[in-house]
There are 2 protein chains.
Amino acid sequence: MEKHPQHCQVVVALDMIVGKWKPIILQHLIIGGTKRFNELRRLMPDITQRMLTLNLRELEEQDIIERVVYPEVPPRVEYSISEYGKSLEPLLDSMHEWGMAHLEHMKKKEKELGADDKSS
Amino acid sequence: MEKHPQHCQVVVALDMIVGKWKPIILQHLIIGGTKRFNELRRLMPDITQRMLTLNLRELEEQDIIERVVYPEVPPRVEYSISEYGKSLEPLLDSMHEWGMAHLEHMKKKEKELGADDKSS
DNA sequence: CGGCATCCTCCATGATACTG
DNA sequence: CAGTATCATGGAGGATGCCG
């Protein structure tokens, strides 16, 4: 295992979770467990049906979530984090924590800018 | 401190490093240390001057990197990871490792599909 | 050398309507 | 309920030329 592989695989990880909705979908499925399609819609009132479908399909394709269709009437489809998807949880947790810390950092910065305004 | 803050701050962290080039720029500055503008260009032959400038400016604005201008002729501008930016390193490392593991996962998957391919 | 100013392209996302 | 099918759009990214 090299220390400096040619190409940084950060982008590989990034590709799995980027997008306006993917992180939020994952958060809901991780924290809230299995959810039906319309449950997710209710949890994310601003997402369109189209984008929810597309994102769920991508995440499924990526093995991150599982999609189970129950052949009932009315239809029921349940989404959940896959076993493999769970390997992302530590990463998402770290990112969440860093995000929180960053918001603090920004607040401090703002204050400094207010107080520190005598610097040339 | 709540356990389930209203909004997942994963997106906050994500915002700092998403983009086609930001992760790569960061990787170079982290691994290779301080770099001049054109050094970075050489390291990323496919990035346009415009995007390199824009991304560097954003990262600077976000306190992630530092930009030092030497008033010489010809001009010299050096970029480096800031102290604060270093707090991103563990995250980037984790993402890199997850990315590597994911590539392995994909390879395995492909093989399975190959062996499993009695359909059509 | 290290930019900035324009113009352009394409893709992620969105709005809306329809359906098994 | 859980989707598809179209069409529209804004913004990230790119190409190119000029500048101190």
Which side-chain N or O atoms in residues 99-106 of chain B pair as donor and acceptor under 3.5 Å with protein atoms at least two apart or in another chain?
unit_1, atom_1, unit_2, atom_2, d
His102(B), ND1, Tyr84(A), OH, 2.6
His105(B), NE2, Asp63(A), OD2, 3.2

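Within residues 12-29 of chain A, the residues approached by DNA chain C to less than 4.0 Å at the level of any non-hydrogen atom are Gly19(A), Lys20(A), Trp21(A), in residue-number order. Using a 4.0 Å cutoff on non-hydrogen atoms, the parts of residues 34-41 of chain B near DNA chain C are Arg36(B), Phe37(B), Asn38(B), ordered by number.
Cluster membership check: Leu54(B) shares its hydrophobic cluster with Val69(B), using side-chain heavy-atom separations under 4.5 Å among Ile, Leu, Val, Met, Phe, Trp and Tyr. Both Ile24(A) and Ile81(A) are assigned to one and the same hydrophobic cluster, defined by single-linkage of ILVMFWY side chains at heavy-atom distances under 4.5 Å.
Between the CD1 atom of Ile47(B) and the C1' atom of dG13(D) there is a distance of 10 Å, rounded to whole Å. Residue Glu60(A) contributes atom CD, which lies 14 Å from atom C1' of dA2(D) at whole-angstrom precision. As rounded to whole Å, 17 Å separates atom C1' of dT16(D) from atom CG of Leu52(B). When the P atom of dG14(C) is taken as reference, atom CE of Met44(A) falls 11 Å away, rounded to whole Å. A straight line from CZ of Arg57(A) to P of dT13(C) spans 17 Å, rounded to a whole angstrom. Residue Glu58(A) contributes atom CD, which lies 8 Å from atom P of dA12(C) at whole-angstrom precision. We find that CG of Leu54(B) is positioned 14 Å from P of dA15(D), with the value rounded to whole Å. Nucleotide dG11(D) holds its C1' atom 11 Å from the CE atom of Met51(B), rounded to whole Å.
Taking all atoms of both residues into account, the shortest heavy-atom contact from Pro23(A) to Leu14(B) is CG-CD2, 3.7 Å. Nearest heavy atom pair, residue Met16(B) against residue Lys22(B), reads O-CD, 3.6 Å. Shortest non-hydrogen contact noted between Gln62(A) and Asp15(A) is NE2-O, 3.9 Å. Contact record, Val10(A) with Leu92(B): CG2-O, 3.5 Å, taken as the closest heavy-atom pair. Smallest separation of non-hydrogen atoms from Leu56(A) and Phe37(A): CD1-CD1, 3.8 Å.
Each end of the helix from dC1(C)-dG20(D) to dG20(C)-dC1(D) gets its own axis from five base pairs, and the two axes differ in direction by 50°, given to 10 degrees.
In terms of modelled atom types and a separation under 3.5 Å, the side chain of Ser82(A) and the main chain of Ile64(A) share a donor-acceptor contact. A donor-acceptor distance shorter than 3.5 angstrom exists from the side chain of His96(A) to the backbone of Gln9(B), with no hydrogens or angles considered. In this structure, Glu39(A) contributes its side chain and Arg36(A) its backbone to a donor-acceptor pair below 3.5 Å.
For residues 67-81 of chain A, the set of pairs meeting the salt bridge (charged side-chain N to carboxylate O under 4.0 Å, His left out) definition, not counting sequence neighbours, comprises Glu72(A)-Arg76(A), Arg76(A)-Glu78(A).
Among the protein residues, Tyr79(A) comes within range of the sugar-phosphate backbone only, with heavy atoms under 4.0 Å from sugar or phosphate atoms but none that close to a base.
At dG3(C), one or more side-chain N or O atoms of Arg67(B) fall inside 4.0 Å of OP1 or OP2 (strictly under the cut-off).
Between Lys86(B) and Glu83(B) a salt bridge is recorded (basic side-chain N to carboxylate O distance below 4.0 Å).
In this structure, the nucleotide among dG3(C), dA2(D), dT13(C) sitting nearest to the side chain of Thr53(B) is dG3(C).
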Checklist outcome for this item: Per-nucleotide protein contact along nucleotides 15-20 of chain C, 5' to 3', at a 4.0 Å heavy-atom cut-off (B base, S sugar-phosphate only, - neither), is B----B

